[in-house]
Amino acid sequence: MQLTVIGVGPGDSELITVKAVRMIKEADIILVPVKKEGSTKSTALDIAKKYIEDMDKVLYLYFPMINLEQNKDYVESIFKKHGENINQQLQEGKKIVYLTLGDPMIYCTFTYISEYFEKVNYIPGIPSFLNGAAISRKPLCIERESMAVVNMTDDEDKIKMVFDIHDSIVVMKVCANQKLLKELINEGKRSVTFLTNIGLDNEYITEDINYLNEKVPYFTIGIVR
Ligand SMILES: C[S@@+](CC[C@H](N)C(=O)[O-])C[C@H]1O[C@@H](n2cnc3c(N)ncnc32)[C@H](O)[C@@H]1O
């Protein structure tokens with residue numbers, strides 16, 4: 001049996017593919033990553049819940065949100081255990097799906113354990129920034145323009161280079177370096193739309209750069225033009 005990683009989209013339960021819904025309904029086991037050991041809190045699960053007929057099929061997988069390099073042995077032992085457990089269930093013939101927010105190819109926790117599986121099937125989901133662009137009603141690219149996706153946890157020099165080169169910049173994990181982001185938007189006289197909790201409770205959208213003066217929620221993207 002094969003493991004299928006499903007992107008459930010950014011928040012709105014209707015922004016999920018027909019194929020994803022079918023595979024969730026057909027699954028024997030539904031894996032859901034959580035940030036704290038013993039936690040059952042998951043945004044991906046909240047989005048997919050209305051398509052899950054039996055909540056007993058849900059298994060929570062703990063993914064420690066600590067520095068991976070500094071805690072390499074500890075983190076790897078947890079990932080290895082997840083890999084072994086899932087492989088055992090696959091050998092028993094179970095259909096297993098793994099739910100992830102947005103799209104599985106954009107900053108997804110599953111990447112950390114993918115090496116333990118021979119073959120994985122991926123079902124794409126709508127990433128937060130494509131839903132964000134639709135909500136803001138502004139195209140990301142037109143004519144010859146280019147677009148980049150940056151992660152504010154990346155090196156400052158690299159982020160600066162991206163701002164120098166591209167017409168549109170999608171900024172993920174905004175909360176990781178708000179000071180630099182504010183500087184780059186102001187220096188380049190760029191326009192920006194911030195979108196927080198897209199499709200979730202407390203959705204908030206603003207074009208005000210001063211939004212960066214206070215710590216923004218983790219689920220925030222910026223679309224810079
Ligand atoms: C670990 S990444 C997950 C990205 C996800 N796989 C995707 O395709 O959008 C988490 C970051 O994605 C962005 N994000 C994900 N979902 C969001 C949402 N509903 N609203 C705003 N930002 C979101 C935020 O920038 C957040 O810091």
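In this text, all values refer to a predicted model and were calculated from it rather than measured experimentally. In listed order, ligands and their atoms are each counted from 1.
- Side-chain N or O atoms of K57 include one that pairs as donor or acceptor with a backbone N or O of A27 at under 3.5 Å.
- Distances from atom 15 (C) of ligand 1 to the heavy atoms of S128, G11, G125 put S128 nearest.
- Residue D103 has at least one heavy-atom neighbour below 4.0 Å for each of these atoms of ligand 1: 6 (N), 7 (C), 8 (O).
- Annotation: T196 places no N or O atom under 3.5 Å from an N or O atom of ligand 1; distance criterion only.
- Close contacts between ligand 1 and L195 involve ligand atoms 21 (C) [criterion: under 4.0 Å to a heavy atom].
- For ligand 1 and P127, the ligand atoms under 4.0 Å from any heavy atom of the residue are 8 (O), 9 (O).
- Closest to atom 16 (N) of ligand 1 among all protein heavy atoms lies L101 CD2, 3.5 Å.
- When each atom of ligand 1 is checked for a heavy atom of M172 under 4.0 Å away, the hits are 4 (C), 9 (O), 12 (O), 13 (C), 25 (O).
- Polar contact check, L200 against ligand 1: no nitrogen or oxygen pair lies under 3.5 Å apart.
- Applying the 4.0 Å criterion to heavy atoms of N197 picks out, from ligand 1, the atoms 20 (N), 21 (C).
- Contacts between T109 and ligand 1 below 4.0 angstrom, taking non-hydrogen atoms only, are absent altogether.
- Here the heavy atom of the protein found nearest to atom 4 (C) of ligand 1 is I106 O, 3.5 Å.
- Nearest to atom 22 (N) of ligand 1 among the protein's heavy atoms is F219 C, 3.3 Å.
- A distance-only check finds a donor-acceptor pair linking the side chain of S168 to the backbone of L140 [under 3.5 Å].
- The backbone and the side chain of Y218 each have at least one atom closer than 4.0 Å to an atom of ligand 1 (non-hydrogen atoms only).
- F79 pairs in a ring pair (Phe, Tyr, Trp, His ring centres under 6.0 Å) with only one of the listed residues (F63, Y74, Y116), which is F63.
- Between F194 and Y204, the ring centre distance reaches or exceeds 6.0 Å.
- Side chain of D167 to backbone of S146: a donor-acceptor contact under 3.5 angstrom is found.
- From the protein, the heavy atom lying nearest to atom 1 (C) of ligand 1 is Y107 O, 3.1 Å.
- In this structure, V192 and R225 have side chains that are not in contact, with every pair of non-hydrogen atoms separated by 4.5 Å or more.
- Side-chain atoms of Y211 and T196 include a donor-acceptor pair closer than 3.5 Å.
- A donor atom on one side chain and an acceptor atom on the other are found under 3.5 Å apart for T153 and N151.
- Near G102, meaning under 4.0 Å from any of its heavy atoms, are these atoms of ligand 1: 7 (C), 8 (O).
- Side chain to side chain, T109 and Y98 meet the donor-acceptor criterion of an N or O pair below 3.5 Å.
- No donor-acceptor distance shorter than 3.5 angstrom exists from the side chain of T220 to the backbone of V216, with no hydrogens or angles considered.
- Backbone and side-chain nitrogen or oxygen atoms of I198 are examined, and one is located within less than 3.5 angstrom of a nitrogen or oxygen of ligand 1.
- When I135, N197, I198 are each tested for a side chain to side chain contact (heavy atoms under 4.5 Å, CB included) with I205, only one passes: I135.
- Close N/O approach between P10 and ligand 1 is found [any backbone or side-chain N/O within under 3.5 Å].
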